[in-house]
**Student:** 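Pasting in a structure now, in structure tokens, and then I'll have a few things to ask.
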Protein chains: 2
Amino acid sequence: MLDNSQYIEKLRSSGLRPTKQRIKICEVLFNSEKTFHFTINELVKRISKSTNDKISLATVYNTVHAFKNKGYLKEIPINSDQSYFDTNTSHHHHFYDETQKDLIDIDDADVEPVKINTRIPGKKIKSVEVLVKVEDDKS
Amino acid sequence: MLDNSQYIEKLRSSGLRPTKQRIKICEVLFNSEKTFHFTINELVKRISKSTNDKISLATVYNTVHAFKNKGYLKEIPINSDQSYFDTNTSHHHHFYDETQKDLIDIDDADVEPVKINTRIPGKKIKSVEVLVKVEDDKS
DNA sequence: CAACAGTTTAGAACTATTATAATGTAGAAA
DNA sequence: TTTCTACATTATAATAGTTCTAAACTGTTG
């Protein structure tokens, strides 16, 4: 068993009880060297692979939403039949490969800061997200 | 009855048979002075208001997808439980008001062109879309 | 340990969307 | 105009992602 005290602390400090399900999901999401994108379906598969204790689908949904609300995950705006999440919560944008149905991070250094020269009165900007759709270049 | 020859021509020239359902949907979508955003659900309501001939939900879906494929509509990438479409097919970006769940066009002149300084080998860029999420500014 | 509020769970419910297959129709050909 | 046929429409069923429900369970506090 790995050291989960970091996750227990993380959960507790954000007002989420460190249940064994949540700790397991933290392991699956945040233990890997690289950040990644996932759908709920894919996450459920990753969880099954890494534990014998089944976690209910409802709990996976609950937990992902809780983590998203706490800022530990980001949801990626994309037209799809399912929601995509990102364990990389730092500011960055995405390529979406429409041929492969695949999301790819764009290093933030590779995008000039997006300047929006207008505002909506009474509203503040929460995020600016760029989605670059690509397809096979048949040439 | 208005002059629908423009829609009949438009449909025919793109290889879509000008059926009365498609012409009616053209009227609802393209007759108005201003472009607008809609969900399938909202479109169905607009159609009901403007005609007594009911159009099947399946036909609305079929037609919206056909129009989207022909480039007469754009789908807006946003995380929502339903798809949003835009009758404004010119290049522009959007504000999404998370408080009001409302989409607002950003005039293209108000956004500095987004520069992506990286590419994916073998892929070509199909679109670059910016979504600016805003919320109530409580200050 | 007792108590309780928060959490998990299986399964039902819900909702947007797509598939199906029978019926209808626009357009072309005779 | 009549006929033919490929394309469209339709009601309905099916599908799939997500949320809801309410009972059982558990982490935390006293």
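All values below were derived from every heavy atom in this structure, side-chain atoms included, with hydrogens, water molecules and symmetry-related copies excluded. Protein chains get the first letters and strands the later ones, always in sequence-line order, with residue 1 at the start of each.
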**Student:** Using whole Å, report how far CG of Asn79(A) lies from P of dG17(D).
**Tutor:** 16 Å

**Student:** Looking only at side chains, do Asn31(B) and Tyr7(B) share a donor and an acceptor under 3.5 Å apart?
**Tutor:**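 The answer is yes; a qualifying pair exists.
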
**Student:** When you check the phosphate oxygens OP1 and OP2 of dT9(C), does a side-chain N or O of Gln21(A) lie under 4.0 Å from one of them?
**Tutor:** yes

**Student:** State whether Glu42(B) and Lys45(B) are salt-bridged, where the test is any N-O pair (Lys NZ or Arg NE/NH1/NH2 against Asp/Glu carboxylate O) under 4.0 Å.
**Tutor:**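 Looking at Lys45(B) together with Glu42(B), the answer is no, because their closest N to O distance does not fall below 4.0 Å.
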
**Student:** Please state how far atom CG in Leu11(A) lies from atom P in dT26(D), giving the value in whole angstrom units.
**Tutor:** 18 Å

**Student:** Encode nucleotides 23-30 of chain C as B, S and - characters from 5' to 3', where the letter depends on protein heavy atoms closer than 4.0 Å: B to the base, S only to sugar-phosphate, - to neither.
**Tutor:** --BBS---

**Student:** Side-chain donor-acceptor pairs under 3.5 Å in residues 51-61 of chain B, sequence neighbours left out?
**Tutor:**
from, atom 1, to, atom 2, distance (Å)
Thr51(B), OG1, Asp53(B), N, 3.1
Ser56(B), OG, Ala58(B), N, 3.2

**Student:** Report the distance from atom CG of Leu16(A) to atom P of dG6(C), rounded to the nearest whole Å.
**Tutor:** 12 Å

**Student:** I'd like to compare against my own output: the B/S/- annotation of nucleotides 14-20 of chain C with a strict under-4.0 Å heavy-atom distance to protein.
**Tutor:** --SBBB-

**Student:** Count the heavy atoms of every other residue, nucleotide or ligand shown that sit under 6.0 Å from NZ of Lys124(B), and state whether that count exceeds 12.
**Tutor:**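 Check passes, neighbour count above 12.
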
**Student:** At less than 4.0 Å, is any side-chain N or O atom of Arg22(A) found next to OP1 or OP2 of dG27(D)? Yes or no.
**Tutor:** no

**Student:** Specify the separation, in whole Å, of atom CG of Asn69(A) and atom P of dT7(C).
**Tutor:** 13 Å

**Student:** Any side-chain to backbone donor/acceptor pair from Lys24(A) onto Ser50(A)? Under 3.5 Å, distance only.
**Tutor:** yes

**Student:** Look only at the side chain of Asp105(A) and the backbone of Asp107(A), and say whether a donor-acceptor pair between them is shorter than 3.5 Å.
**Tutor:**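 Judged by distance alone, no pair lies under 3.5 Å.
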
**Student:** Without decimals, in angstroms, what is the distance between Ile25(A) CD1 and dT9(C) P?
**Tutor:** 9 Å

**Student:** Let me know the distance between NZ of Lys24(B) and C1' of dA8(D), rounded to the nearest Å.
**Tutor:** 18 Å

**Student:** Could Lys126(B) and Glu98(A) be called an ion pair, given the rule that one side-chain N must be under 4.0 Å from one carboxylate O?
**Tutor:**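 Answer for the salt bridge query: yes.
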
**Student:** With no hydrogens and no angle check, just 3.5 Å: does a side-chain donor-acceptor pair link His37(A) and Asp102(A)?
**Tutor:** no

**Student:** Provide the closest heavy-atom pair for Pro77(B) versus Glu129(B) in the form atom of the first, atom of the second, distance.
**Tutor:**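 Closest pair (atom of Pro77(B), atom of Glu129(B), distance): CD-OE1, 3.1 Å.
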
